[in-house]
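Convention: sequence-line order gives letters A, B, ...; per-chain numbering from 1.
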Number of protein chains: 2
Amino acid sequence: MESESSYKTRKVISIGTVSELTGLSERQIRYYEERKLIFPERSERGSRKYSFSDVETLIDIANKREEGVRTEEIRSELKRKKTKDDQASRSKMIQGQLNAQFGIRKK
Amino acid sequence: MESESSYKTRKVISIGTVSELTGLSERQIRYYEERKLIFPERSERGSRKYSFSDVETLIDIANKREEGVRTEEIRSELKRKKTKDDQASRSKMIQGQLNAQFGIRKK
DNA sequence: CGTGTAAGGAATTCTGACACG
DNA sequence: CGTGTAAGGAATTCTGACACG
């Protein structure tokens, strides 16, 4: 089963554009990576590439930071969220496999 | 009613990444713009920005070109497709407005 | 801790042009 | 017509560091 790699999660946006999209400085964006809040990929030449999903996460981070929340705390909140999302995703995938094996019953 | 500006149509990808994604040279990508096959936006500093939708169009163009279709011909085909898409989009929008005014009946 | 900045280098992007055909 | 390439300049991105605190 092919993983989606959708428009939302495909990492293709460079840091300058992410900066425009989020209002954050490039320094801030790189720092949040250092603190493990986001995980850009690297292009062949080594420049950071972000997804729309990363941009949304960064906007969340910016809001939390404005409230004075420390990066370490934001990190653990994000981890919780990621775990949930992963569970939802796994659940959907299993459901897909069941449908494939036994056919779709639900109308 | 706010226009979508979704992940698919938001122009945020720079030409180097588009080149990787499509297998086309930057020269080719700029030339197809010159011939009015694609319409990137420009960032504040003047660099071209493409959407995932543009990337898909470019892949279509690459396939047509391999078959030997001239850019002029591809241009008119794309225009036809765009007209259809616009009509579908308008139709959906009107449906949305109707639903908003009279409520959604269809189950 | 979180962010700004100057520093130097490497890679990117841009335009207009010449080339081939 | 469609694409390659060399050219020169401007803007981008990277890393490691110093600064403030």
Handout entry: Verdict with supporting geometry, B:K64 and B:E73, salt bridge (charged side-chain N to carboxylate O under 4.0 Å, His left out)
Key = CA-CA 10 Å; B:K64 293 286 182 186; B:E73 190 157 354; over 6 Å; no
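Using a 4.0 Å cut-off, some side-chain N or O of B:Y32 falls inside it from OP1 or OP2 of D:dT3. Phosphate proximity of C:dT12 to B:S14: absent, as no side-chain N or O sits under 4.0 Å from OP1 or OP2.
One interatomic measurement links the two molecules: CD of A:E44 to P of D:dT13, which rounds to 17 Å at whole-angstrom precision. Distance B:I13 CD1 to C:dT12 P: 17 Å, rounded to the nearest Å. Remark: C1' of C:dG2 and CD1 of A:I29 are 14 Å apart, rounded to the nearest angstrom. If you take OH of B:Y31 and C1' of D:dT5, they are 17 Å apart, rounded to a whole angstrom.
No salt bridge links B:R90 with B:D86; every basic N to acidic carboxylate O contact stays at or beyond 4.0 Å. Salt bridge absent: B:R30 and B:E33 never bring a charged side-chain N and a carboxylate O closer than 4.0 Å.
A continuous path of hydrophobic side-chain contacts links B:L78 to B:V69 [ILVMFWY only; heavy atoms under 4.5 Å].
Position along DNA chain C of the nearest nucleotide to B:T17 versus A:R65 favours A:R65 as the more 5'-ward residue.
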Fill in the blank from the handout: Pairs under 3.5 Å (Watson-Crick or G-U), crossing ones as [ ], inter-strand ones as |: DNA chain C comes out as .||||.||.|.|.||.||||.
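Using a 3.5 Å distance cut-off with no hydrogens or angles, the side chains of A:Y31 and A:R35 do pair a donor with an acceptor. A donor atom on one side chain and an acceptor atom on the other are found under 3.5 Å apart for B:S51 and B:D54.
More than 12 heavy atoms of other residues, nucleotides or ligands lie within 6.0 Å of CZ in A:R48, so this atom counts as buried by the packing criterion.
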Enumerate all atom pairs, one protein N or O and one N or O from nucleotides 9-11 of chain D, separated by less than 3.5 Å.
none

Exercise for the section: Sugar-phosphate means primed atoms, P, OP1 and OP2; the rest is base. With that split, encode nucleotides 14-19 of chain D 5' to 3' as B, S or - using protein heavy atoms under 4.0 Å. Expected result: SB----
